[in-house]
Amino acid sequence: MSNRALCREASHAGSWYTASGSQLSAQLDGWLSQAQTSKRPARAIIAPHAGYTYCGSCAAHAYKQVDPSVTRRVFILGPSHHVALSRCALSTVDIYRTPLYDLHVDQKVYGELWKTGMFERMSLQTDEDEHSIEMHLPYTAKAMESHKDDLTIVPVLVGALSESKEQEFGKVFSKYLADPTNLFVISSDFCHWGQRFRYTYYDESQGEIYRSIENLDKMGMSIIEQLDPVQFSNYLKKYHNTICGRHPIGVLLNAATELQKNGVNMSFSFLNYAQSSQCRSWQDSSVSYAAGALVVH
């Protein structure tokens with residue numbers, strides 16, 4: 001084990017975001033300076049994983065709620081875009097590189113998760129091909145900069161889970177969500193609308209297409225704010241909204257429900273919503289982004 005060069009390179013640097021550490025740092029500082037601190041310290045956040053030119057400013061509203069003096073360990077749950085996966089997968093590496101600084105995988109927690117028998121391993125190829133976790137690494141590094149020597153990360157690739165599996169994984173993660181030194185980053189974009197995404201739901205009563213998309217997304221967002229996994233599943237079955245991180249969101253909702261059963265009081269609020277462009281015709285396409293935070297009271 002010990003002699004493997006166990007690093008995951010920042011494979012999307014230079015394309016999805018700048019590879020220059022100083023430039024990236026300044027960009028992230030700029031976006032964060034535009035966001036308000038209203039839900040600190042966050043125990044979990046939902047934030048997008050598109051290229052930073054599209055969603056960097058939206059994501060800042062979630063990362064602004066992270067308190068580096070409280071958080072010591074960051075779980076990053078991202079959906080699998082390239083490989084069929086029916087469970088959740090753990091990385092094989094020790095270090096995730098970012099243009100800011102290297103992030104260290106928490107091998108103790110990885111050992112505990114592995115022991116459950118519920119996880120598989122993703123190959124380094126799968127790890128480096130996937131952007132849903134990587135797009136949160138520079139923001140995590142930036143938010144935690146002042147305490148970077150105390151920081152570990154727990155990257156988890158989330159497969160196309162059934163509702164019962166979302167519940168099982170929710171139970172597994174609930175004990176970690178109960179710990180105030182942990183932060184959960186849930187990686188998800190919202191509606192992918194247009195013919196290229198094979199999704200063109202349009203409720204004409206809302207006016208322009210982009211208004212219909214916003215209404216559809218906000219319907220889902222308000223269910224997430226209620227922390228209700230069953231209602232969220234029903235919403236997805238009814239509208240088939242193309243929320244790519246629906247399974248990581250489902251795991252979070254189930255973990256929160258588990259804690260609420262044990263008397264833990266918490267609330268989730270969305271803080272920002274954006275669309276990559278405003279769709280007005282059937283030829284158009286857009287992706288929606290939302291940023292929100294979970295606070296335990």
Side-chain angles (χ1 to χ4, degrees), residues 10 12-42 44-68 71 74 76-79 98-100 131-146 183-194 197 208 210-211 213-218 220-222 224-225 242-245 248-249 268-280 284-295:
H12 293 72
S15 50
W16 291 58
Y17 56 96
T18 178
S20 151
S22 56
Q23 226 178 327
L24 182 58
S25 186
Q27 267 179 352
L28 296 172
D29 280 332
W31 286 318
L32 286 163
S33 71
Q34 301 295 304
Q36 303 305 308
T37 302
S38 55
K39 298 286 167 196
R40 276 179 115 183
I45 60 174
I46 293 176
H49 55 235
Y52 283 176
T53 49
Y54 297 104
C55 75
S57 62
C58 174
H61 293 269
Y63 279 96
K64 187 78 168 196
Q65 316 315 319
V66 176
D67 187 341
T71 301
V74 179
I76 305 168
L77 275 57
T98 84
L100 303 180
H131 63 276
S132 74
I133 294 172
E134 179 178 344
M135 296 310 294
H136 290 284
L137 302 176
Y139 252 124
T140 296
K142 171 51 72 176
M144 292 300 298
E145 208 166 30
S146 60
L183 167 74
F184 277 75
V185 172
I186 305 299
S187 176
S188 187
D189 297 335
F190 275 71
C191 185
H192 296 61
W193 194 93
F197 299 119
E208 297 271 20
Y210 70 89
R211 297 260 185 225
I213 295 168
E214 178 170 357
N215 185 62
L216 177 71
D217 280 331
K218 291 197 166 166
M221 289 158 64
S222 75
I224 293 167
E225 288 181 333
T242 41
I243 301 172
C244 52
I249 293 170
F268 191 96
S269 336
F270 278 100
L271 306 162
N272 188 256
Y273 175 78
Q275 294 175 349
S276 59
S277 61
Q278 292 188 333
C279 292
R280 291 185 163 84
D284 295 341
S285 67
S286 70
V287 180
S288 309
Y289 312 115
L294 177 80
V295 177

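When reading the values below, keep in mind they use all heavy atoms of this one structure, side chains included, and skip hydrogens, waters and symmetry mates.
- His49 and Ser132 are not linked by any side-chain donor-acceptor pair at a separation below 3.5 angstrom, with hydrogens and angles left out of the test.
- Between Trp31 and Tyr139, the ring planes are tilted. Angles from 30° to 60° get that label.
- Side-chain atoms of Pro41 and Val66, non-hydrogen and from C-beta on, never get closer than 4.5 Å to each other.
- Looking at heavy atoms from C-beta onward, Phe184 lies out of side-chain contact with Ile76 at the 4.5 angstrom threshold.
- A donor-acceptor pair shorter than 3.5 Å cannot be found between the side chains of Tyr54 and Gln275.
- The shortest distance between side-chain heavy atoms of Tyr210 and Ser277 does not fall below 4.5 Å.
- The shortest distance between side-chain heavy atoms of Leu183 and Val185 falls below 4.5 Å.
- A donor-acceptor pair is defined here as one N or O able to donate and one able to accept, closer than 3.5 Å; such a pair exists between the side chain of His192 and the backbone of Thr242.
- Residues Glu145 and Lys142 are paired through a salt bridge, judged by an N-O separation under 4.0 Å between the basic side chain and the carboxylate.
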Side chain to side chain contact (heavy atoms under 4.5 Å, CB included) assessment of Trp16 paired with Thr53: CA-CA 8 Å; Trp16 291 58; Thr53 49; over 6 Å; no
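- Remark: the backbone N or O of His12 is paired with a side-chain donor or acceptor of Glu134 at under 3.5 angstrom.
- A heavy-atom distance below 4.5 Å is found between the side chains of Ile213 and Ser286.
- The side-chain heavy atoms of Phe270 and Ile46, taken from C-beta on, include a pair separated by under 4.5 Å.
- Within the 3.5 Å criterion, the main-chain N or O of Arg280 finds a donor-acceptor partner in the side chain of Asp284.
- Within the 4.5 Å cutoff, no side-chain heavy atoms of Ile133 are placed close to those of Leu77.
- Of the possible polar contacts, one joining the Thr140 side chain to the His136 backbone as a donor-acceptor pair under 3.5 Å is found.
- Tyr273 and Ser288 are linked by a side-chain donor-acceptor pair at a separation below 3.5 angstrom, with hydrogens and angles left out of the test.
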